[in-house]
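Have a look at the structure below, then the notes.
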Amino acid sequence: MRASERAVAVVERLAEEYPDARCELDFRNPWELLVATVLSAQCTDQRVNRVTPGFFARWPTPSALAAATRGDVEEEIRPTGFFRNKAAALQGTAHVLTTDHEEAVPAEIEQLVKLPGVGRKTAKVVLGEGYGIAAGVTVDTHVRRVARRLGLTRLDDPEKIAQRLERTIPHEEWIRFSMRMILHGRRVCTARKPRCESCALDDICPKVGV
């Protein structure tokens with residue numbers, strides 16, 4: 001089976017396996033999603049979800065966060081790890097949103113990636129889950145691993161992998177495909193011990209590197 005044919009089958013089977021796939025971060029609006037996504041770097045979504053209720057109770061808007069004391073922000077997000085860098089990025093973003101965007105999170109990828117600590121992966125998540133805009137395939141560690149094992153790419157760089165997948169996966173599937181690949185990587189095609197015997201893709205997977 002060629003990689004392009006396998007990609008079509010992967011899209012169809014993952015849609016059956018995870019019909020209601022969504023971002024597992026808890027959020028109520030694009031601002032909360034942006035913050036939660038930044039906090040999720042090198043941290044589990046579950047831990048982020050334990051931190052964000054208290055965070056947004058204290059700083060519900062960009063202007064509130066921009067005016068906060070850095071030490072208070074660092075202490076609030078300490079459980080997510082790398083809290084000093086994350087606090088600096090979040091307050092920098094809050095300041096830009098307050099001064100340049102009337103506290104609204106931009107709905108364009110070119111504007112999002114200008115915010116401190118926001119790369120293309122974070123921007124795609126915010127646009128896809130926050131605004132329903134398919135700006136590209138989101139490639140995190142799970143998507144990278146699963147895509148390589150499935151033989152959909154041989155590349156290592158996340159952005160190059162994203163570009164490769166975007167040429168193969170239909171545009172209308174980009175948002176849900178990303179979330180389904182992430183869920184599959186977390187629940188089945190895990191890093192240490194993939195559960196191939198219970199995988200819906202077992203018969204079409206070349207198991208590269210497994």
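What you see below is based on every heavy atom in this structure, not just the backbone, and it leaves out hydrogens, waters and symmetry mates.
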Would a distance-only check, ignoring hydrogens and angles, find a side-chain to backbone donor-acceptor pair under 3.5 Å from [X] to [Y]?
| X | Y | answer |
| --- | --- | --- |
| K86 | I77 | no |
| E103 | S63 | yes |
| T69 | D72 | no |
| R144 | D156 | yes |
| K207 | C196 | no |
| R47 | T80 | no |
| H184 | V146 | no |
| R148 | V208 | no |
| D26 | N49 | no |
| R6 | I204 | yes |

- request: Only counting residues at least two apart or in another chain, list the ones meeting ring pair (Phe, Tyr, Trp, His ring centres under 6.0 Å) with F55.
  value: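 Here the qualifying residues are W59.
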
With sequence neighbours left out, the residues meeting ring pair (Phe, Tyr, Trp, His ring centres under 6.0 Å) with F83 are none

Hey, is [X] close enough to [Y] for a salt bridge, meaning N to O under 4.0 Å?
| X | Y | answer |
| --- | --- | --- |
| R13 | E16 | no |
| R22 | E129 | no |
| E159 | K121 | no |
| R84 | E75 | no |
| K124 | E166 | yes |

Task: Pairing residues for T99 by the side chain to side chain contact (heavy atoms under 4.5 Å, CB included) criterion, not counting sequence neighbours - done: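 Per chain and number, T99 pairs via side chain to side chain contact (heavy atoms under 4.5 Å, CB included) with H95.
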
Starting from [Y], can I reach [X] by hopping between I/L/V/M/F/W/Y residues whose side chains sit under 4.5 Å apart?
| X | Y | result |
| --- | --- | --- |
| I169 | L127 | no |
| F177 | I182 | yes |
| L90 | V105 | yes |
| V8 | L14 | no |
| L201 | L152 | yes |

Validation row: [X], [Y] side chains within 4.5 angstrom (heavy atoms):
| X | Y | answer |
| --- | --- | --- |
| E102 | L97 | no |
| R180 | E173 | yes |
| L65 | R58 | no |
| M179 | C23 | yes |

If the test is side chain to side chain contact (heavy atoms under 4.5 Å, CB included), which one of T138, V143, T153 qualifies with L165?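 Result for side chain to side chain contact (heavy atoms under 4.5 Å, CB included) with L165: V143.
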
Can you see which heavy atom on [X] is nearest to which on [Y], and at what distance?
| X | Y | result |
| --- | --- | --- |
| H171 | A134 | NE2-O, 3.2 Å |
| I109 | A123 | CG1-CB, 3.8 Å |
| T168 | R164 | OG1-NH1, 2.6 Å |
| P106 | L115 | CD-CD1, 4.4 Å |
| P62 | T98 | C-OG1, 3.5 Å |
| A21 | L183 | CB-CD1, 3.7 Å |

- [ ] Please check if atom CD in E172 has more than 12 non-hydrogen atoms from other residues, nucleotides or ligands closer than 6.0 Å.
- [x]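 Counting neighbours around CD of E172, more than 12 heavy atoms of other residues, nucleotides or ligands fall under 6.0 Å, so yes.
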
Would you indicate whether E5, at its atom CD, is surrounded by more than 12 heavy atoms from other residues, nucleotides or ligands within a distance under 6.0 Å?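 Correct, the count exceeds 12.
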
CG of D45 to CG of L25, rounded to nearest 0.5 Å, is 4.0 Å

d(R50 CZ, Q46 CD) to nearest 0.5 Å is 7.5 Å

- Message: When you compare the side chains of R145 and T141, does any donor N or O come within less than 3.5 Å of an acceptor on the partner?
- Response: no

side-chain hydrogen bond (donor to acceptor under 3.5 Å, both in side chains) with D20: which residues, sequence neighbours excluded?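 Checked D20 against side-chain hydrogen bond (donor to acceptor under 3.5 Å, both in side chains); zero matches.
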
Side-chain donor-acceptor pairs under 3.5 Å in residues 30-40, sequence neighbours left out?
unit_1, atom_1, unit_2, atom_2, d
W31, NE1, P60, O, 3.3
E32, OE1, R28, N, 3.0
E32, OE1, R28, NE, 3.2
E32, OE2, R28, NE, 3.1
E32, OE2, R28, NH2, 2.6
T37, OG1, L33, O, 2.7
S40, OG, T37, O, 2.6

Q) Which pairs pass ring-ring contact (aromatic ring centres under 6.0 Å, His included) with one or both residues in residues 98-150, sequence neighbours excluded? A)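 Every pair satisfying ring-ring contact (aromatic ring centres under 6.0 Å, His included) with a residue in residues 98-150: there are none.
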
With side-chain contact (heavy atoms from CB on, under 4.5 Å) as the criterion, how do R176 and Y18 come out once you've worked through the C-alpha distance, each side chain's angles and the decisive distance to 0.1 Å? CA-CA 9 Å; R176 297 278 71 81; Y18 309 101; over 6 Å; no

